[in-house]
Amino acid sequence: MYWEKEKECMQREELEQLQLERLESTLTRVQMNVPFYRKKFDETGIDTDNVTSIEDLRKLPFTTKEDLRDNYPYGLFAVPLREVVRVHASSGTTGSSTVVGYTKNDIKSWSNLTARVLAAGGVSKDDVVQIAFGYGLFTGGFGLHYGAERLGASVIPISSGNTARQIKIMQDFRSTALICTPSYALLIADTIYDRGININTLSLKYGLFGGEPWSDEMRREIEQKLKIRATDNYGLSEVMGPGVSGECGEQNGLHINEDHLLIEIINPDTLDPVPDGETGELVITTLTKEAFPVIRYRTRDLTRIIAGNCACGRTFRRMQKVMGRDDDMLIIKGVNVFPSQIESILFDIEGTEPHYQIVLDRDDGLDKMTVLIEVEESLFFDEVKKQNELVELIKKRLASELGISVSVKPVERKTLERFEGKAKRVIDNRRI
Ligand code: DLL
């Protein structure tokens, strides 16, 4: 299903022409209205009048999270506050938060883009949409709320948390779509089973999950447990929030809303563009934002462009599921490991529960990684031999696929922390 078919299926030439026009006007606006960009362009000797093709974008300097922080709170706004109708801020898990603003038009475009993402995931005006993302400075709740309303769906703005209530509302209000982080979806699913509720008494059909990395194995687990089709959607507050890209029913890559955003994939070390299909850092330039445009913003998120056309008919290019940020990457004994790789392996092994935690320590100057994994009850209490076999199997799989030895510690069900928002799975004691 499409929300704006004529745009989402636009011919590439027409799209590129539109992107260029919008890029030129964005550059003119930031140069006029944002001293930070004016100074940066001047320093690098760039005359934005000379940007006459999309490729010319590469001449412009990058913008980083550091730049956003340095200009806290309103330094990068391109309109006076009088024009700003909404302010959000990033969660600020590392360092101080960054503040972003929206004009009336920005809110309208944002709603359209999240409506597209929702429609691509199967949601229509016939759906009852339960939004279990946090409402507040975080962009997840409001961003998807406005999109769902724009679609004409019946929106339940329940926000995150209070899982028992989520399930009661889901039953009583006959919610057909659940919107939250994948880890919260899993917690809701497990709670439904723990309470002995028959999943067939629920009306759920679709789940749109995002805000954090999740593996395809986790997707299958959630889909089976909740009996839904689960799609991934991606975004970040610095660019708008959710609505940057989303999967369609093909579940093979996230269509990027390219009429509003220009994306590049670069090698984070050399900063050069990488060819399509190669993994690198996603860099985004906004094309229509009025209050808070960003030019070549380095997201730190790692992905690649999926080449070729999608069977759904959309012409917007697809990015692969984001499996992590370059600052999530763990370097253990010199080997690069992403938590998401560990997740994929664990989810694939029978007898384990999909809950895990990664603990890093340093012993005598040597890195040590321990994976805590919840195991089935019977294995934990009765079948020590089987438990040992399972631990050996996990160790072997991790060692062969990651290339490092890992300690594995089975723990009883429900001992590891659960998450109502974004999961925090890594405890790094090496930095303390
Ligand atoms: O998480 C916006 C959002 C809300 C997106 C709801 C989708 C749904 P921030 O709090 O600024 O904004 O965090 C952005 O989260 O740079 C990624 O590292 C990560 N992230 C977001 N969506 C995904 C996803 C929101 N689908 C940061 N897959 C981004 C992997 C994701 N990582």
Side-chain angles (χ1 to χ4, degrees), residues 64-65 68-69 87-100 102 110 113-118 120-121 123 129 131-148 159-160 177-185 207-216 218-219 222 230-247 251 253-257 261 263 268 279 281-284 292 294 297-304 318-329 338-341 343-344 419-426:
T64 62
K65 181 112 184 164
L68 269 53
R69 286 196 183 124
V87 173
H88 281 285
S90 80
S91 43
T93 40
T94 50
S96 63
S97 73
T98 48
V99 179
V100 295
Y102 305 74
W110 189 21
L113 300 193
T114 51
R116 286 182 191 173
V117 163
L118 287 157
V123 177
V129 179
I131 301 191
F133 268 125
Y135 281 66
L137 288 180
F138 175 55
T139 51
F142 279 103
L144 286 149
H145 178 111
Y146 272 57
S159 195
S160 62
L178 174 66
I179 317 268
C180 55
T181 59
S183 26
Y184 196 36
L208 278 98
F209 306 126
E212 63 179 359
W214 51 310
S215 58
D216 266 327
M218 178 148 168
R219 183 214 301 270
I222 298 173
T231 47
D232 186 11
N233 70 93
Y234 165 87
L236 64 166
S237 46
E238 298 91 312
V239 167
M240 73 175 77
V244 170
S245 63
E247 275 182 339
Q251 297 179 317
L254 290 76
H255 290 278
I256 303 151
N257 280 315
L261 305 164
I263 68 127
T279 299
E281 179 181 340
L282 177 68
V283 172
I284 305 182
F292 196 84
V294 285
Y297 182 69
R298 291 189 59 181
T299 64
R300 314 304 299 254
D301 289 320
L302 299 173
T303 184
R304 63 183 173 85
R318 288 165 294 162
M319 56 186 252
Q320 196 203 20
K321 255 174 157 333
V322 169
M323 291 312 286
R325 306 167 54 77
D326 67 356
D327 34 14
D328 282 344
M329 192 176 72
F338 281 99
S340 53
Q341 287 175 284
E343 176 178 303
S344 294
F419 303 94
E420 294 170 350
K422 301 188 188 213
K424 283 187 209 75
R425 302 204 194 268
V426 180

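From a predicted model like this one, the values you see are computed outputs, not experimental measurements. Excluded from the calculations below are hydrogen atoms, water molecules and symmetry mates; all remaining heavy atoms, backbone and side chain alike, are included. Counting convention: from 1, in listed order, for ligands and their atoms alike.
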Checklist line | Short N or O distance, G140 and ligand 1, threshold 3.5 Å exclusive | finding: no
Using a heavy-atom cut-off of under 4.0 Å, does the side chain or the backbone of [X] touch ligand 1, or both, or neither?
| X | result |
| --- | --- |
| D301 | side chain |
| D232 | side chain |
| F138 | side chain |
| L254 | neither |

Item checked: Option nearest atom 14 (C) of ligand 1 (shortest heavy-atom distance, choices G235, P182, G141, G324) -> G235
Check: Are K321 and R219 side-chain neighbours, meaning at least one heavy-atom pair lies under 4.5 Å?
Finding: yes
Next item on the list: Please tell me if the side chains of T139 and P242 come closer than 4.5 Å, counting only heavy atoms from C-beta onward.
Entry: yes
Item checked: Distance in Å, E247 CD paired with L254 CG, rounded so as to fall on 0.5 Å steps -> 5.0 Å
Margin query: To the nearest 0.5 Å, what is the distance between CG on L236 and NZ on K65?
Written below: 8.0 Å
Which atoms from ligand 1 have a heavy atom of [X] less than 4.0 Å away?
| X | result |
| --- | --- |
| R325 | 16 (O), 18 (O) |
| N233 | 7 (C), 8 (C), 22 (N), 24 (C), 26 (N) |
| F133 | 6 (C), 8 (C) |

Check: Are the ring centres of Y146 and W110 closer than 6.0 Å?
Finding: no
Checklist line | ligand 1 contacted by K422 (non-hydrogen, < 4.0 Å) | finding: yes
